[in-house]
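Remember, predicted model here, so these are calculated numbers, not experimental data.
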Amino acid sequence: MWPYLAVLIGYFCLRYIALGSYIFSAETQFVYNPLKYSPWFSSLATALKVAYMYVLKIILPITFSSDYSYNQIPIVQNILRSWQSLAGLSMFLVLLWGAYRYRVVGL
């Protein structure tokens, strides 16, 4: 376990050198990161939607965009009204099930 701890400490030292006082936080405006100013559940649902979109773009690499500016990916207010969020939740649950089933993690 000590080698992993040494690597982790080294990572945070380099992160501190690069970011200084912003090592664990960043000040941002609503336009750049609206999820920071959204309720927790809406942020989670939107993150699940984005995870689904990433996996889909890995499998079927079309409709790329170099800039996902403000409101290109709308914030999900209700997870039951967004099939992409439900697909992301399903993927996450399958990953958890696989980790438990094949004992990848100690659950």
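When all heavy atoms of Ile79 and Leu89 are compared, the closest pair comes out as CD1-CD2, 4.3 Å. The shortest non-hydrogen separation linking Leu35 to Ser43 is O-OG, 3.0 Å. The minimum heavy-atom distance between Gln77 and Ser42, with the atom names listed, is OE1-OG, 3.7 Å.
Under the 4.5 Å side-chain contact rule for hydrophobic residues, Val55 and Trp83 share a cluster. Under a hydrophobic clustering in which Ile, Leu, Val, Met, Phe, Trp and Tyr are joined whenever their side-chain heavy atoms come within less than 4.5 Å, directly or via other members, Val94 and Tyr102 fall into different clusters. The cluster map of Ile, Leu, Val, Met, Phe, Trp and Tyr, joined by side-chain heavy atoms under 4.5 Å apart, puts Leu86 and Phe41 in the same cluster. Hydrophobic clustering, with ILVMFWY side chains joined whenever heavy atoms are under 4.5 angstrom apart, keeps Leu60 apart from Tyr52. Cluster membership for Trp40 and Ile75, using ILVMFWY side-chain heavy atoms within less than 4.5 angstrom, is not shared.
Atom CH2 of residue Trp2 and atom CD1 of residue Ile9 lie 8.0 Å apart, to the nearest 0.5 angstrom. Separating the NZ atom in Lys49 from the CG atom in Leu44 is a distance of 14.0 Å, to the nearest 0.5 Å. For the atom pair OG1 of Thr46 and CE of Met53, the computed distance is 10.5 Å after rounding to the nearest 0.5 Å.
Two residues are said to be in side-chain contact when any heavy atoms from C-beta on lie closer than 4.5 Å; Ser82 and Asn78 fail this criterion.
Residue-environment remark: OH (Tyr37) exceeds the threshold of 12 foreign heavy atoms within 6.0 Å.
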Could you give me the CA-CA distance, side-chain angles and deciding distance for Thr63 and Lys57, then say whether side-chain hydrogen bond (donor to acceptor under 3.5 Å, both in side chains) is met?
CA-CA 8 Å; Thr63 65; Lys57 288 184 186 298; 3.2 Å; yes
Pair Val50, Tyr54 - check side-chain contact (heavy atoms from CB on, under 4.5 Å), show working.
CA-CA 6 Å; Val50 169; Tyr54 282 166; 3.8 Å; yes
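Judged purely by atom type and a 3.5 angstrom limit, Ser85 has no side-chain atom pairing as donor or acceptor with the backbone of Leu48.
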